[in-house]
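A quick note: this is a predicted structure, and the numbers were derived from the prediction, not measured. For the numbers below, each heavy atom of this structure counts, side chains included, while hydrogens, waters and symmetry mates do not.
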2 protein chains.
Amino acid sequence: MAEETELLHGTLDTLILKTLSWGPRHGYGIARWIQDTTDDALEIGEGSLYPALYRMERKGWIEAEWGVSETKRDVKFYSLTSQGRARLKLELAQWTRFTAAVSKVLYETR
Amino acid sequence: MAEETELLHGTLDTLILKTLSWGPRHGYGIARWIQDTTDDALEIGEGSLYPALYRMERKGWIEAEWGVSETKRDVKFYSLTSQGRARLKLELAQWTRFTAAVSKVLYETR
DNA sequence: GCCGAGTACCTCGATTTTCGAGGTATCATA
DNA sequence: TATGATACCTCGAAAATCGAGGTACTCGGC
């Protein structure tokens with residue numbers, strides 16, 4: 001139901017990194033988890049998801065390994081690298097700074 | 001100093017609308033105000049600013065009128081239309097919903 | 001009178017990202 | 001055996017930001 005899709009720009013990576021910080025997960029599962037956690041406020045389309053995963057893998061933030069899911073299907077498990085953990089920390093700090101700055105503008109009442 | 005420029009995506013319009021909600025201002029002044037208000041955390045490049053203003057004018061959210069600044073220079077004053085005011089309200093609500101959703105993912109400690 | 005810095009406008013192309021739509025295949029359930 | 005959910009992937013369109021470039025005016029200092 002998210003109309004604020006444009007806002008996702010630049011945030012998707014952070015969301016994925018954070019999701020993986022709880023442990024390995026396969027692509028589809030990552031999208032599901034984010035959607036569930038946010039009560040469907042955030043929907044990650046597969047056309048956004050997979051390109052994002054490749055991008056992050058290429059940058060060395062995450063690693064992929066084929067495995068078998070609980071439902072007995074071949075899936076690709078992604079996990080955070082140490083670089084990815086560092087990156088998450090950085091992006092988290094950026095997000096905090098950014099939203100604080102935006103708030104100064106948006107929530108000022110005079 | 002903002003490295004979080006990618007995050008600006010989709011937020012710039014809202015920031016500009018909010019800035020104009022205090023009254024008319026010229027383009028350069030809008031960027032200055034945002035930068036000052038956020039203690040330089042948010043820097044609006046002119047290559048982002050002017051295209052954004054035209055976009056919003058085209059959509060009917062803001063209006064432009066040439067005038068003379070306090071410093072006696074020809075400047076273009078932008079002001080909010082009623083459509084713009086409605087749009088601001090909408091975008092404010094979206095931003096609130098969006099950040100709330102992102103927070104659910106990012107700030108969960110388990 | 002000249003020069004530099006700051007003000008103020010504008011434009012262009014490159015880059016990046018998200019998204020929708022399309023495609024394939026498997027598994028469970030009815 | 002058909003349907004729906006799971007799960008992967010790819011492509012091109014659309015949109016936005018950014019840096020770098022350009023013009024021109026005003027003011028203060030020398």
**Report entry** Positions of residues 51-70 of chain A (non-hydrogen atom under 4.0 Å from DNA chain C), listed by number
**Finding:** Arg55(A)
Report summary line: Between CG of Leu8(A) and C1' of dT17(D) the distance, given in whole Å, is 16 Å
Query raised in the report: Below 4.0 angstrom from OP1 or OP2 of dC9(C), is there any side-chain N or O of Tyr50(B)?
Result: yes
Query raised in the report: At how many degrees, to 10°, do the end axes of the helix from dG1(C)-dC30(D) to dA30(C)-dT1(D) meet when each uses five pairs?
Result: 20°
Requested in this report: Round to the nearest Å and state the distance from Asp74(B) atom CG to dA24(D) atom C1'.
Outcome: 11 Å
Query raised in the report: Roughly, in whole Å, what's the span from CG in Leu42(A) to C1' in dC19(C)?
Result: 14 Å
Query raised in the report: In chain order, what residues pass the salt bridge (Lys or Arg N to Asp or Glu O under 4.0 Å) check against Lys104(A), with sequence neighbours excluded?
Result: Asp39(B)
Query raised in the report: Arg32(B): what forms a side-chain hydrogen bond (donor to acceptor under 3.5 Å, both in side chains) with it, not counting sequence neighbours?
Result: Tyr28(B)
Report task. Hydrophobic side-chain clustering at under 4.5 Å (ILVMFWY, transitive links): who's grouped with Trp66(B)? Put none if nobody. Result -> none
Report task. Among residues two or more places apart or on two chains, list those pairs meeting salt bridge (charged side-chain N to carboxylate O under 4.0 Å, His left out) that have a residue in residues 63-72 of chain B. Result -> none
Requested in this report: Please state how far atom NE2 in His26(B) lies from atom P in dT26(D), giving the value in whole angstrom units.
Outcome: 14 Å
Hey, can you pull the donor-acceptor pairs under 3.5 Å for the side chains in residues 73-83 of chain B, sequence neighbours left out?
{"unit_1": "Thr81(B)", "atom_1": "OG1", "unit_2": "Gly60(B)", "atom_2": "O", "d": "2.6"}
{"unit_1": "Thr81(B)", "atom_1": "OG1", "unit_2": "Trp61(B)", "atom_2": "O", "d": "3.1"}
{"unit_1": "Thr81(B)", "atom_1": "OG1", "unit_2": "Gln83(B)", "atom_2": "N", "d": "3.3"}
{"unit_1": "Thr81(B)", "atom_1": "OG1", "unit_2": "Gly84(B)", "atom_2": "N", "d": "2.9"}

**Report entry** Short side-chain N/O contact to dT7(C) OP1/OP2 from Tyr28(B), under 4.0 Å
**Finding:** yes
Requested in this report: Would you check if Trp95(B) and Leu15(B) make a side-chain contact, meaning some heavy-atom pair closer than 4.5 Å?
Outcome: no
Report task. Would you indicate what Gly29(A) reaches in the nucleic acid, counting non-hydrogen atoms under 4.0 angstrom: base, sugar-phosphate, or nothing? Result -> nothing
Query - Separation of dT7(C) C1' from Arg32(B) CZ (nearest whole Å) - result: 8 Å
Report task. Can you run down the side chain to side chain donor-acceptor pair (under 3.5 Å) pairs that involve residues 45-57 of chain A, sequence neighbours left out, and say none if there aren't any? Result -> Asp13(A)-Arg55(A)
Report summary line: Taken in chain and number order and not counting sequence neighbours, the residues that satisfy side chain to side chain contact (heavy atoms under 4.5 Å, CB included) with Ala31(A) are Ile44(A), Leu49(A)
Requested in this report: Take the protein atom CZ of Arg25(A) and the nucleotide atom C1' of dT6(D), then report the distance between them rounded to whole Å.
Outcome: 15 Å
Query raised in the report: Sequence neighbours excluded, which residues qualify as side-chain hydrogen bond (donor to acceptor under 3.5 Å, both in side chains) partners of Thr14(B)?
Result: Glu91(B)
**Report entry** Set of residues satisfying salt bridge (Lys or Arg N to Asp or Glu O under 4.0 Å) with respect to Asp36(A), sequence neighbours excluded
**Finding:** none
Query - Per-nucleotide protein contact string for nucleotides 21-30 of chain C (B base, S sugar-phosphate only, - none; heavy atom under 4.0 Å) - result: B---BBS---
Query raised in the report: Asp13(B) has an atom CG; how far is it from atom P of dA16(D), in whole Å?
Result: 7 Å
Query raised in the report: What is the distance from NE2 of His9(A) to P of dT17(D), rounded to the nearest Å?
Result: 9 Å
Query raised in the report: Do Leu42(B) and Phe98(A) come within less than 4.5 Å of each other through their side chains, counting heavy atoms only?
Result: yes
